[in-house]
Amino acid sequence: MIKVGLFGIGLDTYWPQFDGLLERLEGYQKQIATKMEGFGAEVVNVGLVDSPVVAREKAQVLKTEDVDILFLYVSTYALSSTILPVVQKVKCPVIILNIQPVAAIDYESFNKLGDRGKMTGEWLAHCQACSVPEFANVFNRAGIDYEFVTGYLDEQAVWDDIQDWIDAANVAAVMRNNRLGVLGHYYCGMLDVYSDLTKQASAFGTHIEIVEMCEVKKYRDAVTSTEIENKIEEFKTTFEVIDACEQEELVRAAKTSIALDNLVENHNLGSMAYYYEGETANDYENIVTSVIAGNTLLTGKNVPVAGEYEVKNAQAMKIMDAFGVGGSFSEFYAMDFNDDIVMLGHDGPAHFAIAEGNVQLVPLPVYHGKPGKGLSIQMTVKHGPVTLLSVVEGKDDVFLLVAEGESVDGPVLHIGNTNSRYRFSIGARAFMNEWSKQGPSHHCAIGVGHIANKIEKLGTILNLRVVRIC
């Protein structure tokens, strides 16, 4: 659970002047804190900051608590000199909550109060917008980045926006604490897939653990018959294992799956990228041609695995998984100009938790472009809204490439791969052109639902550029 810092603002001069104003503003702030807790965050609510002295005291509390993101609630007007010390001390992403108590002041009731002192106090409870330009001016001049949430307390869009920020901060923390295993080597010649591990660690805070095929073999050699039986039962529970799957292949895949589970546990991995070939009939070739079922199980259980040693896509899959929307390993398969759709899929692994209907485990007599044969996953991503994400290493930076679309019904290729049809608001031609121009690798991660707004917020928190195609 991430820690969210929350502080309100005010001017200590107001409290003796306007009876009940302080308590009223504190009540609004408590409402905000309670809502945030409902979004799955631990809220460090330090109350109202109303003077430079209090600002430094509260800043120290927030700093000590090591909050992941800081929400500045504009309770009423306050001097920017009381705000700047807090933000400078805490040094984390800042979201300014320009949230009024109501959509609009009740002008008729307000003007009937008959006491200009009371009227001023009432206005001060609604004058959140008064401080916003001042804070923006000072933050701009101080080189402090910030974002706004603007609206009123009972407005659903406000709470959706705040939840998106909390979700994005949580995903940033997941990535920062993630251990990504890399197993094997690159697919020779896929220059787009080659990645700079230092840039990935710097961009996301991810620890990258280099793991060995010989360790996988060690675990595989130690597998017991009982473990094999249990794993095959897990296959049958999770997948529709078609009759054409030979027992020998099921056993081979089960042994490798158990070994992969042990590898992940031993290194505390949260994601992985892999590829290997090996000499014909070599033990390592035997392992790598039987990984798809096991890696699909891991992917559906929050340890996303990317094939072809695609580290960048393992990162994208982990982001999608951390947002709770899946993140299936995909590449471009074909275009259907008659239906104006793009087909994406892969020969595995897949994210079985976001499948439309059954996830089949099927035999493949040949892995296209790869050695050997074995079992593979055949599935379609759930019909409805989807988001595509690619982590891109450009010429100058690492950035996030995102597009929203729809997974739609229709004929797909039953070739023992994941395969789905996707429609985009800008049309298939424009989508292919605009997506490709950004220079991603040929892989991407696909999740269910439209979450581009969350990914844009994640980019803000991580200080990464986000390019949205549609």
Side-chain angles (χ1 to χ4, degrees), residues 1-15 21-37 39 41-101 124-125 127-151 153 158 161-166 168-170 172-173 176 457 460-463:
M1 181 182 292
I2 64 163
K3 283 188 178 180
V4 166
L6 174 64
F7 74 105
I9 59 169
L11 190 57
D12 53 5
T13 306
Y14 291 157
W15 314 142
L21 178 61
L22 174 61
E23 293 76 16
R24 185 174 176 182
L25 300 180
E26 288 174 332
Y28 295 146
Q29 186 168 332
K30 187 175 180 181
Q31 286 183 50
I32 292 170
T34 300
K35 277 275 196 179
M36 287 179 170
E37 288 169 351
F39 298 149
E42 178 184 345
V43 180
V44 181
N45 181 4
V46 296
L48 283 169
V49 170
D50 58 4
S51 72
V53 173
V54 173
R56 285 173 170 79
E57 293 171 356
K58 302 299 187 182
Q60 187 57 52
V61 173
L62 292 165
K63 184 72 173 178
T64 301
E65 290 286 346
D66 192 25
V67 296
D68 295 282
I69 188 169
L70 182 62
F71 288 93
L72 187 176
Y73 168 46
V74 185
S75 325
T76 185
Y77 176 75
L79 296 168
S80 47
S81 63
T82 66
I83 310 310
L84 187 61
V86 180
V87 176
Q88 287 179 317
K89 180 79 171 179
V90 179
K91 288 187 172 67
C92 72
V94 178
I95 312 300
I96 298 173
L97 301 180
N98 174 26
I99 304 176
Q100 294 184 176
L124 286 172
C127 76
Q128 285 71 26
C130 187
S131 296
V132 171
E134 179 174 343
F135 297 164
N137 172 287
V138 173
F139 287 173
N140 288 352
R141 292 163 72 182
I144 294 169
D145 293 328
Y146 57 91
E147 295 290 339
F148 290 115
V149 174
T150 294
L153 279 175
V158 162
D161 212 10
I162 291 172
Q163 180 164 18
D164 286 351
W165 279 113
I166 291 174
N170 180 66
R176 187 168 59 248
K457 290 176 172 61
T460 298
I461 291 170
L462 295 174
N463 197 29

Tell me, do V158 and I99 make a side-chain contact under 4.5 Å, heavy atoms counted?
yes
Side-chain heavy-atom pair L84, F135 within 4.5 angstrom cut-off
no
Rounded to the nearest 0.5 Å, the NZ atom of K35 sits from the CD atom of Q163 at a distance of 9.5 Å
Heavy atoms of Q88 and K91 approach each other most closely as O-NZ, 3.1 Å
Check for a donor-acceptor pair, side chain of Q128 on one end and backbone N or O of S75 on the other, with a separation under 3.5 Å.
yes
F7 side, atom CZ; L97 side, atom CG - distance, nearest 0.5 Å
10.0 Å
Kindly say whether A78 contributes a backbone atom to a donor-acceptor pair with the side chain of S131 at under 3.5 angstrom?
yes
With a 4.5 Å heavy-atom cut-off, do I95 and F148 have their side chains touching?
no
Might you point out which heavy atoms bring G5 and L62 nearest each other, and give the distance in Å?
CA-CD2, 3.8 Å
Closest non-hydrogen atom pair, C130 against Y77
SG-CD1, 3.8 Å
In the structure I gave you, are the side-chain heavy atoms of V67 and C92 within less than 4.5 Å of one another anywhere?
yes
Report the residue from V44, V90, V46 that forms a side-chain contact (heavy atoms from CB on, under 4.5 Å) with E65.
V44
Hey, are the side chains of V4 and F39 touching, using non-hydrogen atoms and a 4.5 Å cut-off?
no
Pairwise distance NZ(K63) to CG(L70) - rounded to 0.5 angstrom
11.5 Å
Are I9 and V74 side-chain neighbours, meaning at least one heavy-atom pair lies under 4.5 Å?
yes
Kindly compute the distance separating NZ (K58) from OG (S51), expressed to the nearest 0.5 Å.
10.0 Å
Nearest heavy atoms of P101 and L153, plus distance in Å:
O-CB, 3.6 Å
Answer yes or no: is there a side-chain heavy-atom contact under 4.5 Å between L48 and Q29?
yes
Would you say that L25 contacts Y14 through its side chain, given a criterion of any heavy-atom pair below 4.5 Å between the two side chains?
no
CG/N45 to OH/Y73 distance, rounded to the nearest 0.5 angstrom?
11.0 Å
Show your reasoning for whether side-chain contact (heavy atoms from CB on, under 4.5 Å) applies to F139 and I96.
CA-CA 11 Å; F139 287 173; I96 298 173; 3.9 Å; yes
The test is side-chain contact (heavy atoms from CB on, under 4.5 Å); show your working for D50 and W15 and say whether it passes.
CA-CA 10 Å; D50 58 4; W15 314 142; 2.7 Å; yes
Taking atom CG of L11 and atom CG of L124, what is their separation to the nearest 0.5 Å?
9.0 Å
On a heavy-atom basis, the closest approach of I166 and I2 is O-CD1, 3.6 Å
Backbone N/O of V86 and side chain of K89: donor-acceptor pair under 3.5 Å
no
What closest approach, in Å, do I461 and A172 show between heavy atoms, and which atom pair accounts for it?
CG2-CB, 3.8 Å
